[in-house]
Student: 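If you scroll down you'll find the structure; I have some questions about it.
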Amino acid sequence: MKHPSDMSEREYFAFIGQRPGMFVGKASFHMVTAFLAGYETYADRHGGPSLLTGLDEWLVARRGRDCNHGWPGHVLHIALPHGWKNMWDLPPEDEQRAIKVLFELLDAFLADREAATSTQDPQ
């Protein structure tokens with residue numbers, strides 16, 4: 001296994017998705033999304049690649065409709081199409097599903113972005 005510093009962003013987030021509790025303590029959907037938002041903020045502040053740029057729009061296109069929840073809400077709508085009572089207090093099985101789907105969607109988003117980047121002509 002590669003050391004995290006030698007991983008691509010996609011590999012690193014797949015690694016986190018395998019054991020999110022190792023990175024956020026109690027593995028809850030909101031702790032994982034807070035971790036990702038913090039990672040994004042750090043990258044923005046320090047000139048790194050912006051992980052989540054375009055994710056919201058990508059999720060809207062994937063879902064086929066918008067909502068006012070931002071990207072975490074789009075993930076929940078996809079992961080829990082039956083809906084939820086309180087997005088801050090999901091039942092354990094919904095938490096697990098939401099986290100699993102979040103990392104599946106993040107991987108697909110990053111794969112699409114990698115493919116788009118590799119097909120662009122260098123100027």
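If you're wondering where the values come from, they're calculated on a predicted model, not measured in any experiment.
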Student: To the nearest 0.5 Å, how far apart are CG in Asp44 and OH in Tyr42?
Tutor: 12.0 Å
Student: Excluding sequence neighbours, so at least two apart, what forms side chain to side chain donor-acceptor pair (under 3.5 Å) with His46?
Tutor: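 Expected list: none.
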Student: Sort and list the pairs that fulfil salt bridge (Lys or Arg N to Asp or Glu O under 4.0 Å) and have at least one residue in residues 87-106, not counting sequence neighbours.
Tutor: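 Counting only pairs at least two positions apart or across chains, the salt bridge (Lys or Arg N to Asp or Glu O under 4.0 Å) contacts touching residues 87-106 are Lys100-Glu104.
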Student: I want to check something: taking the side chain as every heavy atom from C-beta on, are Val75 and Leu106 in contact at a cut-off of under 4.5 Å?
Tutor: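 Contact flag for Val75/Leu106 side chains = no.
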Student: Can you spot which of Phe103, Phe109, Tyr39 makes a ring-ring contact (aromatic ring centres under 6.0 Å, His included) with Phe13?
Tutor: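 Result: among Phe103, Phe109, Tyr39, Tyr39 is the only option passing the ring-ring contact (aromatic ring centres under 6.0 Å, His included) with Phe13.
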Student: Can you list the residues that meet the side chain to side chain donor-acceptor pair (under 3.5 Å) rule with Thr41, with sequence neighbours excluded?
Tutor: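 Expected list: none.
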Student: Would you be so kind as to tabulate the donor-acceptor pairs closer than 3.5 Å made by side chains of residues 23-36, with sequence neighbours excluded?
Tutor:
residue : atom : partner : partner atom : Å
Ser28   : OG   : Met31   : N            : 3.1
His30   : NE2  : Met87   : O            : 2.3
Thr33   : OG1  : Phe29   : O            : 3.2
Thr33   : OG1  : His30   : O            : 3.1

Student: Pair up each side-chain donor or acceptor in residues 52-64 with any protein partner under 3.5 Å, not counting sequence neighbours, and list the distances.
Tutor:
residue : atom : partner : partner atom : Å
Thr53   : OG1  : Ser50   : OG           : 2.7
Asp56   : OD1  : Trp71   : N            : 3.1
Asp56   : OD1  : His74   : NE2          : 3.1
Trp58   : NE1  : Asp112  : OD2          : 2.8
Arg63   : NH2  : His77   : ND1          : 3.4

Student: If a pair satisfies salt bridge (Lys or Arg N to Asp or Glu O under 4.0 Å) and one of its residues is in residues 3-12, list it, with sequence neighbours excluded.
Tutor: Lys2-Glu11, Arg10-Asp107, Arg10-Glu114
